[in-house]
Number of protein chains: 2
Amino acid sequence: MAAPKETSTDLAAPKTPKGGETRARILETALDLFRERGYEETTMRAIAEGAGVSLGNAYYYFKSKEHLIQAFYGRTHQEHLEASAPILASQSAFKARLLGVMNAKLATIEPYHRFAGILFKSAADPESPLHPFSKESGPVRDEATALMREVVDGSTIKLPDDLRAELPRLLWLYHMGVILFWIHDTSPKRQRTRKLLEMSVELIARGVGIAGNPLMRPVRRAALRMLEEIK
Amino acid sequence: MAAPKETSTDLAAPKTPKGGETRARILETALDLFRERGYEETTMRAIAEGAGVSLGNAYYYFKSKEHLIQAFYGRTHQEHLEASAPILASQSAFKARLLGVMNAKLATIEPYHRFAGILFKSAADPESPLHPFSKESGPVRDEATALMREVVDGSTIKLPDDLRAELPRLLWLYHMGVILFWIHDTSPKRQRTRKLLEMSVELIARGVGIAGNPLMRPVRRAALRMLEEIK
DNA sequence: ACCGTTATTTGAACACGTTCAAATTCTTCT
DNA sequence: AGAAGAATTTGAACGTGTTCAAATAACGGT
């Protein structure tokens with residue numbers, strides 16, 4: 001397993017072994033507290049104290065409280081990649097691959113359900129470094145899209161080339177939508193999200209099949225042209 | 001035109017004429033400042049000062065800074081309703097009605113583009129009173145969905161009943177998506193959003209047509225069943 | 001081993017959102 | 001008109017995220 005290199009999005013990279021340790025300690029403490037108490041309830045002072053550093057020191061490594069979330073983002077993505085690997089290695093059907101990868105995602109983030117809301121809180125704030133389309137989120141977003149490309153291209157599904165090229169981005173969007181739903185899902189064991197996943201993956205598979213039909217070509221072209229427009 | 005009754009979502013309803021004036025003054029000042037400087041840059045103290053009241057007084061009428069947004073939400077929705085009326089009265093084609101209503105929406109919120117980001121910032125925070133699925137947003141959401149139902153039912157489009165029943169909710173979701181895009185759109189005159197609107201409305205019309213095809217019945221049923229599941 | 005430079009760490013300060021008990025004003029009833 | 005009660009308004013206080021100048025520690029070259 002490759003060293004779980006932190007994403008490049010965190011601003012103050014430590015330039016000394018000791019600095020690295022301090023930084024890791026802060027992040028670890030923060031994620032623990034977030035998991036236990038939630039985001040709003042966790043104060044920067046508590047994080048600093050828990051990590052055994054001064055308040056200002058925490059800000060030396062993380063530009064803001066939000067940037068701690070960014071780090072969390074990168075970390076769970078890494079875990080998701082690792083959890084997805086066996087599925088992608090063993091499954092060849094598109095539906096199974098997509099379902100497996102999505103389930104892996106939910107399993108990865110489940111421990112953080114209480115505080116995950118905040119992760120997307122800034123999704124629509126163009127000023128925030130956090131929103132999924134921001135430059136700072138770029139690397140993680142690209143990797144996540146690449147994962148979806150792997151889901152598609154590693155499968156046995158037959159697809160017109162234009163759709164094949166664009167589908168990963170669409171699946172990434174879909175995956176964001178599912179997470180949005182998951183955040184609001186308080187049913188036991190996230191049953192509702194599981195149900196949604198099951199049904200939506202089935203629908204996507206069917207929809208993709210239909211979209212591949214030659215009769216659909218004009219519509220498909222129009223849709224893809226629109227996606228091109230807004231990229 | 002009915003009195004532009006404020007939505008019921010703001011907690012401290014004034015019980016005296018004078019109270020009503022104060023409340024209105026605060027809201028007016030807040031929206032002005034939001035428009036001029038943006039949300040984060042506007043402080044509650046500045047709002048209070050601008051409205052000529054004390055800081056605590058502002059909190060007597062608005063439970064929090066976020067609740068001022070809720071009020072904004074209700075207000076622009078009212079304006080949108082009014083701007084939509086002539087379109088709904090004059091157009092009968094589904095496409096024209098949808099496009100008209102969506103354009104009206106964008107025109108209504110355009111002055112607030114700078115600060116609208118914040119409006120959706122809490123879209124994914126289940127704790128926030130602001131997110132579109134919250135109880136406090138319920139009334140506005142229902143009214144907006146009703147508007148979409150009016151778009152559909154007042155048009156000449158032919159639709160299977162099951163789809164007709166669900167389509168308004170889908171269009172509401174679509175409308176949220178467009179706004180999300182609009183928030184991030186910094187192109188001159190929001191050209192990119194306009195382009196997206198044009199193309200997406202066209203696609204929706206086509207898609208709805210296709211979905212109505214008898215051959216699509218099984219897929220449509222599956223899709224609607226899923227929507228039922230997650231309602 | 002020393003010194004300049006760079007990296008890290010500190011603690012105090014600031015501005016902001018929010019709360020609340022107390023003061024004031026308004027309304028209503030007699 | 002006056003008193004009791006309700007609605008409104010105030011201002012000070014608290015806790016939070018964030019900033020920053022200054023102090024300390026680590027490093028690299030000589």
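The chains referred to below are lettered A, B, ... by the order of the sequence lines, with proteins before strands, and numbering in each begins at 1.
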Enquirer: Which sits closer to the 5' end of DNA chain D, A/T42 or B/R25, going by the nucleotide each is nearest to?
Expert: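 Final value for this comparison: B/R25.
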Enquirer: For the backbone of B/L180 and the side chain of B/H184, can you confirm whether one donor and one acceptor N or O come within less than 3.5 Å of each other?
Expert: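 The answer is yes, because a donor-acceptor pair under 3.5 Å joins these two groups.
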Enquirer: Please give, in whole Å, the distance from C/dG17 C1' to B/E41 CD?
Expert: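 In whole Å, C/dG17 C1' and B/E41 CD are 15 Å from each other.
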Enquirer: To the nearest angstrom, how far is B/F62 atom CZ from D/dT8 atom C1'?
Expert: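 To the nearest whole Å, that distance equals 15 Å.
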Enquirer: In whole Å, I'd like the distance from the CD1 atom of B/I69 to the P atom of C/dG17.
Expert: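 Nearest whole value for this atom pair: 11 Å.
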Enquirer: Given B/E110, which of B/R190, B/K105, B/K189 fulfils the side chain to side chain donor-acceptor pair (under 3.5 Å) condition?
Expert: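 It is B/R190; the other options fail the test.
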Enquirer: Would you say A/T22 places a side-chain N or O within less than 4.0 Å of OP1 or OP2 belonging to C/dT9?
Expert: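 True: A/T22 side-chain N/O within range (under 4.0 Å) of C/dT9 OP1/OP2.
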Enquirer: Distance check needed: C/dT18 P versus B/I47 CD1, whole Å only.
Expert: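 Rounded to whole Å, this separation is 10 Å.
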Enquirer: Output yes when A/E202 and A/K95 qualify as a salt bridge under the 4.0 Å nitrogen-oxygen rule, no when they do not.
Expert: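 Judged by the 4.0 Å cut-off on N to carboxylate O distance, A/E202 and A/K95 do form a salt bridge.
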Enquirer: Could you state the CZ-P distance from B/R23 to C/dC26, rounded to the nearest angstrom?
Expert: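 Rounded to whole Å, this separation is 20 Å.
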Enquirer: Could you go through the side-chain contact (heavy atoms from CB on, under 4.5 Å) check for B/L99 and B/N103 one step at a time?
Expert: CA-CA 6 Å; B/L99 187 58; B/N103 268 323; 3.8 Å; yes
Enquirer: Does OP1 or OP2 of D/dA26 have a side-chain N or O of A/K18 closer than 4.0 Å?
Expert: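 Checking D/dA26 against A/K18, a side-chain N or O does come within under 4.0 Å of OP1 or OP2.
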Enquirer: Relative to the 5' end of DNA chain C, which residue comes earlier, A/A58 or B/K65, by the nucleotide with the nearest heavy atom?
Expert: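 Final value for this comparison: A/A58.
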Enquirer: Would you say a side-chain N or O of A/Y60 is under 4.0 Å from OP1 or OP2 of C/dT8?
Expert: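 Yes, within the criterion.
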Enquirer: With a 4.0 Å limit, can you tell me whether B/Y59 has a side-chain N or O closer than that to the phosphate oxygens OP1/OP2 of D/dT9?
Expert: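 So the side chain of B/Y59 is outside the cut-off, no N or O lying under 4.0 Å from OP1 or OP2 of D/dT9.
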Enquirer: Which whole-number value in Å describes the distance from B/L33 CG to C/dC16 C1'?
Expert: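 Computing the B/L33:CG to C/dC16:C1' distance gives 15 Å.
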Enquirer: Test side chain to side chain donor-acceptor pair (under 3.5 Å) on A/S84 and A/H80; report intermediate values, then the result.
Expert: CA-CA 6 Å; A/S84 296; A/H80 181 213; 3.3 Å; yes
Enquirer: Can you check whether any acceptor in the base of D/dG15 is under 3.5 Å from a donor in the side chain of A/R45, or vice versa?
Expert: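 Side chain to base: no pair present.
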Enquirer: Roughly, in whole Å, what's the span from CG in A/L55 to C1' in D/dA21?
Expert: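 My rounded result for the distance is 15 Å.
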Enquirer: Find the distance A/M44:CE to C/dA13:P and express it as a whole number of Å.
Expert: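 It works out to 20 Å between those atoms.
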Enquirer: Is there a side-chain polar atom (N or O) of A/N57 under 4.0 Å from OP1 or OP2 of C/dT8?
Expert: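 Checking A/N57 against C/dT8: no side-chain N or O falls below 4.0 Å of OP1 or OP2.
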